[in-house]
Structure formats: structure tokens, C-alpha cells
Amino acid sequence: MYPIFLEPLCLERVTVQIADLPPSLQGTKVVQLSDLHYDGQRLSERLLAEAVEVCNQEEPDLIVLTGDYVTDDPEPMRDLVLRLKPLQARAGIFASLGNHDLYFRRSRQIVTEALTGIGIEVLWNAIAYPLGPDLAVVGLADFWSREFHPGPVFAQIPPQIPRLILSHNPDTAETLQQWRADLQLSGHTHGGQISLPDGTPFPQLLEPLRQATPKSMHRYIPLLRECAKVVKHWEWARGYHRLGDNQLYINRGLGTYFPGRIGCPPEVTAVTLIRA
Ligand SMILES: [Fe+2]
């Protein structure tokens, strides 16, 4: 179903302090796109073109994409990558995959090959050093896949090296507290799609109701059931959060599910890294 309520694209500019960031990387700009859901219903050609243009106008050092390129059928990837091809970043474009990119058995391969075909590097439990050896970019397998095993990935990064983590589902932040994650970039929640003016996502408002309802009843209340399925931590639905020494930023995504967005516009994020 097509969304009814739509809002114009919003560029969010954030500055994040990174411990041990080398002076040469002071001011590095990372632009993030997430949750495109390019399926003919949830993302218009116009919004996609605008998002690509906004990304390039930022003249980023790095572009990162944090998953859910499609919704179920991976075939639209072939057309999506034609639209993403104009993206330009000085040090390259890196991507992690989301749960929707694994919908069918063949999905992961089709999505990965399409992105790789236009020069976007897909990081699935993998590390890249596009800005030199002093800043790692880590892409993790999706949280709901059977391959979300961050331990062996983090073990490969020298402890003094700061790192950016691409992890589609922000719930992974809870697990990642065991490791150094200077800045985790996520999506997946679409910001909750409907928010109060103070940014509180609608699903978070259901929390008192959820807690007051016996667990065995949750599956009979569609709203509770569906919201609980998306994430456990609705408090991490959008924006910047600090968890101990780790930092987390959640992009509200570009694609929109029915009934639409209210107080939660689609987002391009431009993150400027500065030394802590
Ligand atoms: Fe997702």
C-alpha cells in the first residue's frame, strides 16, 4: 500500500566527537542514506533523485548506506543502482545490508552484486580502511541473519584505532557495548514514521501499554505485536544517542510504509567527525 502522508526530504547535519581521530581526519564528512525500500511503492523517483543530489552537494569524504535497499523482491536493485550511480565520495561508498535485503534466499547475492557493480563496497562482517589505517569502517551482518557475529570482526582491529560501524538494526548497539564502537550508524526504524513534536516515536508511546499487558496477550494486539517486531529499543528510533563510550546515530530512512510519515521526514545525514 502506498503511503498517504509524506514529508519533504530533510538533511540532518551532526557533528560527532571521535576519540583518537588523527589530525589529518579532522572534519571528515560522512554522508549516510538508509532504508530506501525501492519497490515501486515506498520510494518515489523524485525523492530518490533529490537524496542523491543532496548527498553529492555535501561533497562527502565517505558515503555510507545502511541497508534495506528493497522490500521483498530484490529485482528492483537493477534499476536502483542506475539511480545511485551518480553518488560521489572522495574515499568511496560503503554499504551494509538490512533484513529486507535478505528476504529471499537469492536476495543477498542480487543486492550485493548490484551494489558492487557500481563500485559500492558491501561490508558483511568486514572491515575497510578507505581513509587510511587510522580509521576503520566496519560493516556487520544484519542482526536478524544467522551471521551477526561481531566478535571475530572487532578482534581484527587494533584497540587504539577508532571505528565507524555500519549496522542496519540499532538494537545491535546493546550487544556492541562489549566492544569499542566510536560511532554506530543505523537505520531500520524509519524513525517510527510518526513522531510527537519533541521527536518521541509513536511506537515508544505504546511502551506503558505493552508493559501493562500480559506478554501472552501481545500477539492478539496487532499494534503492539507489529511495533515489538521491528525493534526492542524504540528509544533508539532516530537521531544521536550515547551508550557509555559508544555512540549511535539512527537515520530515519528514505522509504515510507503505509500510512506514512508525520513529524518524521525522510533523511539524509551528514556527519562531521571531529577529535574528542
Ligand atoms: Fe530494516
Side-chain angles (χ1 to χ4, degrees), residues 1-3 12 32-43 47-48 51 63-77 80 84 94-112 114-115 120 122-125 138-148 150 165-176 184-195 201-204 206 223 225-239 241 248-261 264-269:
M1 264 192 290
Y2 290 92
E12 299 284 1
Q32 181 192 10
L33 286 180
S34 200
D35 300 82
L36 287 81
H37 289 279
Y38 187 74
D39 60 5
Q41 288 183 43
R42 295 178 178 88
L43 176 63
L47 179 63
L48 176 59
I63 293 177
V64 296
L65 312 173
T66 46
D68 283 1
Y69 306 94
V70 289
T71 302
D72 36 49
D73 181 6
E75 289 306 322
M77 278 310 292
L80 174 63
L84 295 180
F94 294 82
S96 64
L97 302 186
N99 50 307
H100 285 276
D101 307 318
L102 313 171
Y103 200 88
F104 296 114
R105 201 185 301 182
R106 62 196 167 94
S107 294
R108 182 177 152 196
Q109 189 185 353
I110 291 173
V111 172
T112 302
L115 292 170
I120 296 176
V122 177
L123 300 174
W124 178 269
N125 288 333
V138 180
L140 296 176
D142 184 61
F143 195 33
W144 293 348
S145 74
R146 291 182 186 167
E147 295 179 35
F148 179 75
I165 318 296
L166 314 183
S167 182
H168 175 70
N169 187 327
D171 273 351
T172 57
E174 192 178 358
T175 311
L176 296 188
Q184 171 181 345
L185 296 167
S186 295
H188 180 65
T189 60
H190 299 197
Q193 286 205 177
I194 295 173
S195 288
F202 170 72
Q204 202 181 332
L206 298 174
L223 207 53
R225 188 183 61 218
E226 294 308 312
C227 287
K229 254 198 234 167
V230 180
V231 275
K232 178 176 156 197
H233 291 282
W234 273 108
E235 71 275 20
W236 301 335
R238 58 191 281 175
H241 301 269
L248 168 65
Y249 188 89
I250 305 107
N251 173 301
R252 297 184 300 265
L254 289 179
T256 299
Y257 274 81
F258 178 86
R261 292 176 180 267
C264 191
E267 171 175 353
V268 172
T269 319

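Note that ligands are numbered from 1 as they come in the structure, with each ligand's atoms numbered from 1 the same way. What you see below is based on every heavy atom in this structure, not just the backbone, and it leaves out hydrogens, waters and symmetry mates.
At a cut-off of 2.8 Å, T189 does not coordinate the Fe ion (ligand 1) through any N, O or S atom.
With the Fe ion (ligand 1) as the vertex, atom ND1 of H188 and atom OD2 of D68 span an angle of 170° (nearest 10 degrees).
Here the closest heavy-atom approach between residue E147 and residue W124 is recorded as OE1-NE1, 2.7 Å. When all heavy atoms of I120 and A95 are compared, the pair lying nearest together is CG2-CB, 3.8 Å.
In this view, N99 and H168, H188 satisfy the side chain to side chain donor-acceptor pair (under 3.5 Å) rule, not counting sequence neighbours.
The ring pair (Phe, Tyr, Trp, His ring centres under 6.0 Å) test with H190 singles out one residue from F258, F202, Y257, and that residue is Y257.
Between the Fe ion (ligand 1) and the N, O or S atoms of H168, the shortest distance is to NE2.
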